[in-house]
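Down below is the structure, laid out as structure tokens.
The shown structure was predicted, so the numbers you read here are calculated from the model rather than taken from an experiment. Values below: every heavy atom of this structure, side chains too, minus hydrogens, waters and symmetry copies. Numbering of ligands and ligand atoms starts at 1, following listing order.
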Amino acid sequence: MKILVVGSGGREHALSWKLAQSERIQTVFVAPGNGGTALDARLVNVEITDPAALADFVVAENVALTLVGPEAPLAAGIVNLFRARGLKIFGPTREAAQLESSKDFAKAFMQRHGIPTAKYQSFSDAAQAHAYVDANGAPIVIKADGLAAGKGVVVAMTLEEAHAAVDHMLSDNAFGDAGARIVIEEFLAGEEASFIVMCDGKNVLPLATSQDHKRLKDHDEGPNTGGMGAYSPAPIVTPSMHARVMREIINPTIQGMAKDGIVFTGFLYAGLMIDSEGNPRTLEFNCRMGDPETQPIMARLKSDFVTVLEHACNGALDTVELEWDRRTAVGVVMAAAGYPDSPRKGDVIDGIPAETPECVTFHAGTQLVAGSLQTNGGRVLCVVGLGDSVKMAQKQAYETVEKVHFNGAQYRRDIGWRGVK
Ligand code: AMP
Ligand code: GLY
């Protein structure tokens, strides 16, 4: 069987790496892929990004199933387009993807269906937004409504920062249409976790839990990034917390979408904030797998992912039981010089060791230039180590990280710290 994975990040490398392990796979195409998917003999990069051209490719190559990694093609309606042509694809429709593509939609949805989240209000008028900030005080959180590649959220610790963020988004038009409307919400304190499930329109199948590290530097300092590392499982999501999140957040979301006339298919990722009393609230929804959460999650998945995806496309997730490696996986992101503001491209990467049962390196912003592997984006690699404890998994990952070299590499030395007792 042939499968197509859409995207070019570390998430897509990990997904296609896992799919290619299936005995049932003939070829995994990755569009457009990266240097790592180019180097993997079992994967084939395809230089197509336009959804209609991808659908043509799928028909011509007789691809059985398409899996979409990033949010942008989902928000643009790639699932609608494929389905209209009778092609199997796993992901949310354009309508369902609004849970991620519009924060205003997601907040109104959560309020309407009683899903726990931060108190908020939406604005397109700057004067009203400033007045709301003054009335509510800091800390306070300002979010661009639309997709802003992870840069549209400002957690303002002072009124000054909050007003500046409002001006930046509404008056300076920093995010274009994506920031023409903003959400201002209550600051929530606590510990974050990533809760990701697969939905087939009827059934929900939770994946292993994980925790991301959004800040650039150790001890959660420095600017926000797309994610500097993740580990799985996340100890904060105990079995009782898991049950509570399913009951209070995931199931009401799927059911609420159905009530609103939208069938949800695809990955649903609830970004949670769990407060000191153990109450989970939803910070955001994503309609896709997390990056870098996918890398440690896929490293732990033992079940045949091709079969899981087929069941997901056929509305049969209720027949699937996932099997996980009992070990912890720690994924350390190695980022380019200048990340996150202005990542440098073109640095030569060397020293990536061959995969072992304890460690695998997924590529993100890399490309092959005349046989030489070079940096080609902000997050360059994600090195995933596996071990019987967080500490042992960290040891595996960091031993490899230290062998890999490119000029200006930045990485955190504390990925998984919350999981170390
Ligand atoms: P989002 O893209 O909505 O997940 O926001 C990015 C990051 O900003 C989250 O992972 C949190 O670390 C932080 N954040 C977002 N909303 C809030 C909030 N209401 N309170 C505190 N931190 C938040
Ligand atoms: N790691 C956060 C995200 O994928 O949005």
Side-chain angles (χ1 to χ4, degrees), residues 7 9-12 14-15 68-72 74-75 97 99-107 110 116-121 136-157 161-162 165 169 175 178-179 182-196 207 209-216 220-232 234 267-276 279-298 331 333 335 340 362 364 378-379 382 412 415 418:
R11 167 183 49 213
E12 288 76 26
L15 291 169
V68 186
E71 59 275 21
L74 295 168
L99 273 182
E100 174 168 6
S101 64
S102 168
K103 304 251 187 214
D104 181 42
F105 176 94
K107 295 297 288 191
M110 285 190 267
T117 188
K119 188 178 96 194
Y120 85 107
Q121 214 163 299
N136 285 274
I140 194 163
V141 182
I142 322 287
K143 302 185 174 186
D145 173 54
L147 294 178
K151 291 186 181 144
V153 175
V154 174
V155 180
M157 299 314 287
E161 282 174 81
M169 291 184 201
F175 299 109
I182 60 173
V183 162
I184 304 186
E185 69 177 32
E186 168 197 8
F187 171 83
L188 298 178
E191 182 172 338
E192 289 182 56
S194 305
F195 200 102
I196 308 174
L207 301 182
T209 59
S210 58
Q211 207 168 38
D212 188 11
H213 300 60
K214 290 247 158 83
R215 302 296 190 116
L216 182 68
D220 291 332
E221 285 169 6
N224 259 320
T225 69
M228 291 300 290
Y231 70 113
S232 169
F267 294 103
L268 178 66
Y269 165 148
L272 305 177
M273 185 68 90
I274 300 170
D275 71 15
S276 54
N279 301 304
R281 289 189 183 78
T282 311
L283 287 180
E284 62 159 348
F285 285 119
N286 295 317
C287 295
R288 50 167 177 82
M289 287 287 283
D291 190 343
E293 290 94 326
T294 304
Q295 291 84 316
I297 290 175
M298 283 297 130
V333 167
F362 295 114
R379 293 184 291 174
C382 180
R412 282 179 58 158
I415 300 302
R418 286 180 191 275

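- Rounded to the nearest 0.5 angstrom, Arg288 CZ and Leu15 CG are separated by 11.5 Å.
- Of all atoms in ligand 2, numbered sequentially from 1 with element shown, those under 4.0 Å from a heavy atom of Asn286 are 5 (O).
- Close approach of ligand 1 to Lys103 (heavy-atom distance below 4.0 Å) involves ligand atoms 1 (P), 2 (O), 3 (O).
- Atom NZ of Lys119 is separated from atom CD1 of Ile140 by 8.0 Å, given to the nearest 0.5 angstrom.
- Gly290 and Ile196 make their closest contact through N-CD1, 3.8 Å (heavy atoms, listed as atom of the first residue, atom of the second, distance).
- Contacts between Leu188 and ligand 1, counted as non-hydrogen atom pairs separated by less than 4.0 Å, involve both the backbone and the side chain.
- Residue Ser194 places every heavy atom at 4.0 Å or more from ligand 2.
- Residue contacts with ligand 2: Glu284 is placed with no nitrogen or oxygen under 3.5 Å of a nitrogen or oxygen of the ligand (distance criterion only).
- Looking at Asp212 next to ligand 2, an N or O pair under 3.5 Å apart turns up.
- Atoms of ligand 1 found under 4.0 Å from any heavy atom of Lys143, numbered from 1 in the order shown, are 3 (O), 15 (C), 16 (N).
- Remark: ligand 2 atoms within the under-4.0 Å shell around heavy atoms of Gly290 are 4 (O).
- Considering backbone and side-chain atoms alike, Asn224 places every N or O at 3.5 Å or more from each N or O of ligand 1.
- The side chain to side chain contact (heavy atoms under 4.5 Å, CB included) test with Glu284 is passed by exactly one of Glu100, Lys103, Met273: Lys103.
- The side chain of Glu192, and not its backbone, has at least one atom closer than 4.0 Å to an atom of ligand 1 (non-hydrogen atoms only; side chain from C-beta on).
- Residue contacts with ligand 2, taken as heavy atom pairs separated by less than 4.0 Å, involve Arg288 solely via side-chain atoms from C-beta onward.
- Minimum heavy-atom separation, Ile415 to Gly229: CD1-CA, 3.8 Å.
- In the candidate list Glu100, His213, Glu185, Glu185 is nearest to atom 19 (N) of ligand 1, counting heavy atoms.
- How far CD of Gln121 is from CD1 of Ile182: 11.0 Å, rounded to the nearest 0.5 Å.
- At a threshold of 4.0 Å, the pair Arg412-Asp220 counts as salt-bridged, since one of the basic side-chain nitrogens sits closer than that to a carboxylate oxygen.
- For ligand 2 and Gly226, the ligand atoms under 4.0 Å from any heavy atom of the residue are 1 (N), 2 (C).
- Near Glu293, the atoms of ligand 2 lying under 4.0 angstrom from a non-hydrogen atom of the residue are 1 (N), 2 (C), 4 (O).
- Atom CD in Glu186 sits 6.5 Å away from atom CZ in Arg281 (nearest 0.5 Å).
- The CD atom of Gln295 lies 11.5 Å from the OG atom of Ser232; values are rounded to the nearest 0.5 Å.
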